[in-house]
There are 2 protein chains.
Amino acid sequence: MITIKDLAAASGLSKSTVSRVINHSPNVKPETRERVMEAVEKLGYQPDILARGMITGMLPMVLVIVGDIQNHYFTQALAGIETTLEEQGFMVVVFDSSYDPERIVTSIHMAKTCRFAGIIPMTGFGSKRVISTLQDLDCPVILLNCHRDHVAFDRIYGDDFGAGYAATRALLRRGYRQIYHFSGNSTESFISAERERGYLAAMKEAGISVDGSMVLRGDLRQDSGARLAARCLKSAKSQVALCCNNFLMCLGAMNYAQQHGLVMWKDYGMAICEQPPVFFMKSEFIYAGPKLREIGRAAAQLLLDRINHPGRKPAVQPFPMLDIYDP
Amino acid sequence: MITIKDLAAASGLSKSTVSRVINHSPNVKPETRERVMEAVEKLGYQPDILARGMITGMLPMVLVIVGDIQNHYFTQALAGIETTLEEQGFMVVVFDSSYDPERIVTSIHMAKTCRFAGIIPMTGFGSKRVISTLQDLDCPVILLNCHRDHVAFDRIYGDDFGAGYAATRALLRRGYRQIYHFSGNSTESFISAERERGYLAAMKEAGISVDGSMVLRGDLRQDSGARLAARCLKSAKSQVALCCNNFLMCLGAMNYAQQHGLVMWKDYGMAICEQPPVFFMKSEFIYAGPKLREIGRAAAQLLLDRINHPGRKPAVQPFPMLDIYDP
DNA sequence: GTGAAAGCGCTAACAA
DNA sequence: TTGTTAGCGCTTTCAC
């Protein structure tokens, strides 16, 4: 491995001068800089990021904590995060927590002892331990789509209220009035609750009173989508529409419908309050949701800002951009 | 941050002794060990992985190079890789290459200068530059589902021939004889070519001669699946079946079918030569493919072996386990 | 069984 | 503008 010592020897200069050139310090004679760069080219030098990290106290790596790497929700945001960070020379360490707070805490400790430049948690905020672990950290943290009331941290979140609202509105515009909302357990997931709130707001605005029977609770997974669909679509009246809190429940509902010979927009309407996986974009159904890739980019950008300007007060940054698709 | 220096002071011992305890060296008096561990507990010491990496020349991190983080093919394998590596205290750095060889090379350099413990490339092996970059590396590398003839590296690959064979067989067993294969450009993707080979073998074995018109070439994406379906299913004879090289083409074909009122298993048969995304497992269609999560685990295990036993000759390790689903 | 000292490759004071 | 020196926190000889 080529080190600055080798460069120093090859160029007849000292290690410090070489270091200055490498780090683009302005206080170097152009001629000297050239001499060093020659050696760099000739020997194929590449700085040891680890050694540098020891001194500067920072490794150009960012920990991103997801709940499930196989879920498009996370990978779409991840794509945005990675693109942005890579442009600035950072690498992304992905931790698939399986939504387990204990493992999240472990990963955060790991990040600390590796002196990561920052952490972007996208999940796991039920646990006090996670919060307090992060607080003891003294490391830039951007909460992405976590609860908004963790005032100690920078946080960015999508407009899931707007998503629920827009999805419902789109159905209303098509003339549906009997619109069911397939929701999650709203006390558990903040995002899920926001979407539900958006649905309720749109219904209210349209002057439609929503009684308890219109909001059906599932577990945000496919099976419960099918189960709930069975309850609403049994008597297949064409004026019924489903506003699904998330994609997986929609998929379950669509499966149910298909198996029972129900055709979308003929026998029932369908909208989702989030972006579907890429290969389901521009399909038949309506969707409205925060642009996941973009919100990932924004979170990464925010993190970079924090890295470059430490000591600023943490702030909430709403991310209003919605992807609304109404075919 | 608590360092071994602090532990030494707290326990009245030297840094070296503390280091021995931390690293489970046998040459320490039990009593001394206890004294150190007390200090560790009391002060909440956590070793600085970076500093350790400088000495040992290895950071417990592994670079995994994927083609597209939003593709379930990669994330499923990634899930297996991560689980296995995490158990051994390694972290996973995911690099989404967008299949770009130049960016892959950059990421490999990054891994080197960070002294990563290993690299698992899952894509990007068209380029000679990638290969030679890896060869200059002196770092454990496990090629996962890349070309098999890179003899300089350890490599593991799934039984994609078997997948194509099994998928086709399942259709044959159901009585289909007019089975189209939606393939990729087989010169580009080795995996795609293997699946095609499996299809051809099964057809041959069944005594069905396959002329050129039965293998249709697309680009492995959704649109081409729909386009090819239009060619085969137009005259909707119920004895036609599609054997899709990958999930996305299958999805395109299913969309086409649905929009034209064709019902699976009534109007046409469908099989895929790979595992679909989790939420499409146990659906209507047949699939057969290497168990992606398991192959990920196996690759990670192989990497760990190489890290612990350097200097062994690189070898191919076929991974025969198939997930065959025939509802 | 334990301690002292060297050094990994680099940056960041401080001198010159 | 450049060189010298002192570490970062740890592991690893080599003495004792």
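Computed over heavy atoms, backbone and side chain alike; hydrogens, waters and symmetry mates excluded.
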*Using atom CZ of B/Arg33 as one end and atom P of C/dG1 as the other, report the distance to the nearest whole Å.*
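One finds 10 Å between P of C/dG1 and CZ of B/Arg33, rounded.
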*For A/Leu50 and C/dG9, give me the distance from atom CG to atom P, rounded to whole Å.*
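Going from CG in A/Leu50 over to P in C/dG9 covers 11 Å.
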*asked:* Under 3.5 Å, is there a donor on one side chain and an acceptor on the other for B/Thr56 and B/Arg115?
replied: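 No, no side-chain donor-acceptor pair sits under 3.5 Å.
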*For residues B/Ser14 and B/Thr17, is any side-chain donor paired with an opposing acceptor at under 3.5 Å?*
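Their side chains do contain a donor-acceptor pair, which is all the 3.5 Å distance test asks for.
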_5'-most by nearest nucleotide on DNA chain C - A/Ile4 or B/Lys29_ =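 Here B/Lys29 is the residue nearer the 5' end.
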*Have a look at B/Ser19 and say if it touches a base, only the backbone sugar-phosphate, or nothing, with a 4.0 Å heavy-atom cut-off.*
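Base: the residue B/Ser19, judged by heavy atoms under 4.0 Å, touches a nucleobase.
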*Heavy atoms, side chains only, cut-off 4.5 Å: are B/Leu143 and B/His150 in contact?*
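Yes, their side chains come closer than 4.5 Å.
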Of the candidate nucleotides [options], which contains the atom at the shortest distance from the side chain of [X]?
X	options	answer
A/Asn23	C/dC10, C/dT11, D/dC10	C/dT11
B/Arg52	D/dT2, D/dC10, C/dC8	D/dC10
A/Arg20	C/dA12, D/dT11, D/dT2	D/dT2
B/Pro47	C/dG9, D/dC10, C/dG1	D/dC10

*asked:* With side chain to side chain contact (heavy atoms under 4.5 Å, CB included) as the test, pick out the partner of A/Ile119 among A/Val64, A/Val62, A/Leu134, A/Val93.
replied: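 The passing option is A/Leu134.
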*Thinking salt bridges, do B/Arg33 and B/Glu38 make one under a 4.0 Å N-O criterion?*
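Judged by the 4.0 Å cut-off on N to carboxylate O distance, B/Arg33 and B/Glu38 do not form a salt bridge.
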*asked:* When you measure only distances, ignoring hydrogens and angles, does the side chain of B/Arg115 come within 3.5 Å of the base of C/dG9 through a donor and an acceptor?
replied: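 No pair found.
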It should be established whether [X] places a side-chain nitrogen or oxygen under 4.0 Å from OP1 or OP2 of nucleotide [N].
X	N	value
A/Thr56	C/dC10	no
A/Thr17	D/dG3	yes
B/Asn27	C/dT2	no
B/Ser14	C/dG3	yes
A/Ser16	D/dT2	no

